[in-house]
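Sequence lines set the chain letters: A, B, ... in the order given, protein chains first and strands last, and positions in each chain run from 1. As the structure is a computational prediction, the values presented were derived from the model and not from experiment.
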Amino acid sequence: MIQALRGMKDILQPQSERFVHIVETASEIAARYGYDYIETPLLEETALFKRSVGESSDIVGKEMYQFIDKGGNDVCLRPEGTAGIVRAFIQNKLDKRGGIHRFYYHGPMFRYERPQKGRLREFHQFGCESFGESSVYEDFTIILMIKDIFDALGIGYSIKLNSLGCPECMPGYRESLVRHLVDIRDGLCEDCQRRVETNPIRVLDCKNGSCKEALASSPLIVENLCETCDADFRRLTKMLDSHSIPYELDPKLVRGLDYYTRTAFEFVSDEIGAQSAIAGGGRYNRLVEFLGGKPTPAVGFALGIERIMELVKLPEKGRHGIYLGVMEEEALDTILKIAHNKRKSERVFVEYSKRSLKAHLKAADRLGARVCAVIGEEELKDSLVWIKDLETKEERRVGFDQLD
RNA sequence: GUGGGUGUAGCUCAGUCGGUUAGAGCGCCAGAUUGUGGCUCUGGAGGUCGCCGGUUCGAUUCCGGUCAUCCACCCCA
């Protein structure tokens with residue numbers, strides 16, 4: 001038997017219903033915040049991700065589905081959404097056009113990781129990217145939008161917030177951090193000792209207990225921000241406070257992708273296991289320029305649909321729709337016409353073969369229909385259809401055109 | 001990539017200290033008379049006990065390998 005590849009899953013109902021519900025809810029809210037839908041290719045040149053996500057990240061280093069296509073191009077399945085959208089933004093010359101451009105997207109992402117709870121090799125994200133707005137109010141608005149989405153979906157979360165600084169203050173901070181890390185090197189885990197060279201910022205994010213202890217006294221970026229970054233960060237937290245949005249300052253929150261600057265945030269849930277981030281994002285003012293476009297400020301986020309599916313509770317829909325069947329073959333034509341008409345407004349099931357009343361009722365019941373409508377010998381004579389409400393058990397006969 | 005758990009019916013799982021017909025609940029199918037579903041009752045179908053190899057008179061059970069899956073590390077949504 002051929003099975004789906006490791007870490008890749010079919011999504012059938014009832015899960016597919018949650019999936020659609022999440023995408024629809026998020027899309028609707030994003031549209032109300034002024035975002036337009038964008039669709040970009042799943043396959044991109046490998047160089048795009050190497051440059052945007054960063055070569056030092058594990059995503060690029062060892063988790064990409066990368067291969068050479070038949071034309072000799074080095075390509076890979078996208079491991080995340082932002083890079084492709086930034087590429088599209090630049091390629092379509094929107095950077096030169098100026099103004100503000102906001103996009104939302106959703107679709108599959110691919111990372112060759114070891115699967116576990118909340119982590120798949122093919123997973124789905126919904127995300128938004130806003131280009132051209134440098135105000136921190138846009139960062140605030142994006143956080144507010146995510147809150148709206150999660151509230152609409154009825155799921156709990158907490159927000160972690162940090163600022164990663166900018167080219168003004170980050171390099172200086174990085175140097176002092178490295179100096180400190182070198183001092184405490186012996187107390188760090190193997191991975192972190194390596195990271196001191198490759199990506200010192202990420203040492204802060206290490207979950208290893210001994211590293212956490214060793215890092216207790218390390219300098220924090222939020223205490224080393226330049227004036228502009230600091231003012232923005234204060235404004236952001238003030239806005240969140242005044243809107244009564246609870247958040248937790250996490251000076252050790254480091255986004256895994258290299259392109260983030262200033263605002264970085266994560267929405268986490270404590271109900272879904274170790275992979276607790278249900279949304280993450282922040283500002284990435286340097287990425288457009290880095291990928292060859294005109295310098296353009298940008299903010300964005302992505303949320304993990306599969307992780308959220310575990311949290312969404314769908315309202316019970318109960319019986320709905322109508323089931324149509326016949327006990328005499330001559331009535332099938334009539335039934336099909338009724339079905340076509342009813343389908344303009346509701347869910348309709350049609351059984352094409354002649355069956356006993358009992359069989360029809362049973363089938364209607366199993367399909368979750370509210371009404372079972374059948375034409376038998378008696379109804380055929382008088383041009384009527386017998387209907388039964390499976391919930392109230394009421395039954396009656398009505399004319400072909402009076403079905404409601 | 002590392003570590004641990006688990007693979008027995010469609011689903012959730014029991015069980016065999018190695019022995020002849022491998023079980024339960026749920027689900028499924030059929031019936032409880034003629035045109036009445038869900039509930040109940042009765043009956044029935046359905047399993048090469050993940051795969052390969054080893055030990056053994058004999059393996060679903062023990063051992064090794066392999067694959068799959070789950071959880072955690074790592075990484076991240």
Side-chain angles (χ1 to χ4, degrees), chain A residues 1-9 22 26 53-54 56-64 78-82 106-127 146 157 189-192 194-195 199 202 205-209 211 253-257 265-269 272-282 300-311 319 323 325-328 354-372 374-380 386-391 393-395 397:
Chain A
M1 184 180 62
I2 296 176
Q3 295 187 47
L5 291 171
R6 174 164 229 208
M8 306 207 174
K9 293 209 162 146
I22 292 164
V53 178
S56 66
S57 75
D58 276 14
I59 293 179
V60 168
K62 46 191 187 192
E63 297 174 3
M64 290 208 295
R78 63 183 183 196
E80 59 101 42
T82 304
H106 54 85
M109 306 295 161
F110 302 85
R111 293 182 198 171
Y112 197 89
E113 300 182 88
R114 186 89 174 256
Q116 72 178 79
K117 191 175 174 64
R119 191 171 76 180
L120 297 164
R121 288 184 172 180
E122 180 187 25
F123 61 101
H124 296 78
Q125 290 189 330
F126 173 94
I146 302 170
Y157 55 86
C189 69
E190 223 175 280
D191 286 330
C192 284
R194 194 193 65 234
R195 289 193 188 106
N199 201 337
R202 212 167 288 150
D205 202 25
C206 187
K207 274 121 197 152
N208 188 305
C211 287
L253 170 70
V254 176
R255 309 264 57 242
L257 288 58
F265 57 81
E266 208 165 83
F267 282 63
V268 298
S269 165
I272 54 170
Q275 306 300 316
S276 59
I278 52 176
F301 77 92
L303 49 84
I305 296 178
E306 281 87 350
R307 290 183 186 175
I308 292 167
M309 282 199 289
E310 297 198 31
L311 300 166
R319 295 186 171 284
Y323 170 99
V326 297
M327 296 168 77
E328 299 297 330
K354 169 184 145 177
R355 295 209 175 152
S356 69
L357 182 62
K358 184 186 174 118
H360 283 308
L361 278 163
K362 197 163 186 176
D365 181 47
R366 285 165 59 117
L367 287 165
R370 173 72 191 257
V371 174
C372 178
V374 173
I375 295 180
E377 195 184 356
E378 293 168 36
E379 291 77 18
L380 199 56
W386 176 90
I387 64 175
K388 176 168 186 175
D389 185 313
L390 295 186
E391 219 157 270
K393 299 180 185 181
E394 282 174 76
E395 43 188 280
R397 289 193 172 83

Check your understanding: How would you label the contact of A:A364 with the nucleic acid (heavy atoms, under 4.0 Å): base, sugar-phosphate, or nothing?
Key -> nothing

Practice item. Give the minimum heavy-atom separation between A:E328 and A:K354, together with the two atoms involved. Key: N-CG, 4.3 Å

Review point. Who passes side-chain hydrogen bond (donor to acceptor under 3.5 Å, both in side chains) against A:K358, sequence neighbours left out?
Key: none

Review point. What string of B, S and - do you get for nucleotides 31-40 of chain B, 5' to 3', if B is base contact, S is sugar-phosphate-only contact and - is no contact with any protein heavy atom under 4.0 Å?
Key: ----BBBB--

Practice item. Measure from CD1 on A:I22 to P on B:A77 and round the result to the nearest Å. Key: 17 Å

Review point. For the pair made of CD in A:E63 and P in B:U2, what is the distance, rounded to whole Å?
Key: 15 Å

Practice item. Using whole Å, report how far CD1 of A:I278 lies from C1' of B:C76. Key: 14 Å

Exercise for review: Indicate, yes or no, whether a donor-acceptor pair under 3.5 Å links the base of B:C70 to the side chain of A:R114.
Suggested key: no

**Study point:** Span that lies between the C1' atom of B:G31 and that of B:U66, in whole angstrom
**Key:** 48 Å

Exercise for review: Figure out the NE2/C1' separation between A:H106 and B:A77, and round it to whole Å.
Suggested key: 16 Å

Exercise for review: Give the dot-bracket string for RNA chain B, reading 5' to 3', where a pair is Watson-Crick or G-U wobble with both distances under 3.5 Å, ( ) marks pairs inside the strand, [ ] marks pairs crossing earlier ones, | marks a partner on another strand, and . marks unpaired.
Suggested key: (((((((..((((.....[...)))).(((((.......))))).....(((((..]....))))))))))))....

**Study point:** Rounded distance (Å) that lies between atom C1' of B:A77 and atom CD of A:E80
**Key:** 11 Å

Check your understanding: A:M327 versus A:H360: any side-chain heavy-atom pair under 4.5 Å?
Key -> yes

Practice item. Write down the distance separating the P atoms in B:G3 and B:C74, rounded off to the nearest Å. Key: 15 Å

Review point. Rounding to the closest angstrom, what is the interatomic distance between B:U20 and B:C67 at atom P?
Key: 33 Å

Point to revise | Under 3.5 Å: donor-acceptor pair, side chain of A:E310, backbone of A:R307 | key: no

Check your understanding: What is the nucleic acid contact for A:G273, judged by heavy atoms within less than 4.0 Å: base, sugar-phosphate only, or nothing?
Key -> sugar-phosphate

Review point. Counting distance only, does the side-chain N/O of A:E306 pair as donor-acceptor with the main-chain N or O of A:H124 below 3.5 Å?
Key: yes

Review point. Within less than 4.0 Å of OP1 or OP2 of B:U69, is there a side-chain N or O belonging to A:R6?
Key: yes

Review point. Expressed as a whole number of Å, how far does the P atom of B:U2 sit from that of B:G18?
Key: 33 Å

Review point. Where the side chain of A:R119 meets the backbone of A:R114, is there a donor-acceptor pair that is under 3.5 Å apart?
Key: yes

Check your understanding: Nearest-Å distance, CD (A:Q3) to P (B:C51)?
Key -> 13 Å

Exercise for review: Begin with the C-alpha distance, continue with both residues' side-chain angles, and end with the deciding distance and a verdict on side chain to side chain contact (heavy atoms under 4.5 Å, CB included) for A:L311 and A:Y157.
Suggested key: CA-CA 10 Å; A:L311 300 166; A:Y157 55 86; over 6 Å; no

Review point. Where each residue is assigned the nucleotide of RNA chain B containing its nearest heavy atom, which of A:Q275 and A:K117 is assigned the position nearer the 5′ end?
Key: A:K117

Review point. Any side-chain N or O of A:K9 under 4.0 Å from OP1/OP2 of B:A68?
Key: no

Check your understanding: Rounded to the nearest Å, what distance is computed from the CG atom of residue A:L120 to the P atom of nucleotide B:A68?
Key -> 15 Å

**Study point:** Interatomic distance, A:I272 CD1 vs B:C71 P [rounded to whole Å]
**Key:** 11 Å

Point to revise | Minimum-distance nucleotide (side-chain atoms of A:Q116 versus B:A77, B:C74, B:C70) | key: B:C74

Practice item. Measure from the side-chain N and O atoms of A:R397 to the backbone N and O of A:W386, and report whether any donor-acceptor pair falls under 3.5 Å. Key: no

Check your understanding: Taking the nucleotide of RNA chain B with the closest heavy atom to each, which residue, A:A302 or A:G7, is nearer the 5' end?
Key -> A:G7

Review point. Which whole number of Å gives the distance between the P atom of B:U8 and that of B:U48?
Key: 12 Å

Point to revise | Donor-acceptor pair present, A:R119 side chain and B:C74 base, under 3.5 Å | key: yes

Practice item. Could you tell me which non-hydrogen atom of A:V268 sits nearest to which non-hydrogen atom of A:E266, and how far apart they are? Key: CG1-OE1, 3.8 Å

Check your understanding: Looking only at atom C1', what distance separates B:A22 and B:G46, rounded to whole Å?
Key -> 14 Å

Review point. Tell me, do A:I308 and A:F126 make a side-chain contact under 4.5 Å, heavy atoms counted?
Key: no

Practice item. Say whether, by atom type as modelled, one donor and one acceptor occur between the side chain of A:R319 and the main chain of A:A369 under 3.5 angstrom. Key: yes

Review point. What interatomic distance, in whole Å, is found between P of B:C63 and the corresponding atom of B:C17?
Key: 14 Å

Check your understanding: What interatomic distance, in whole Å, is found between P of B:U40 and the corresponding atom of B:A77?
Key -> 49 Å

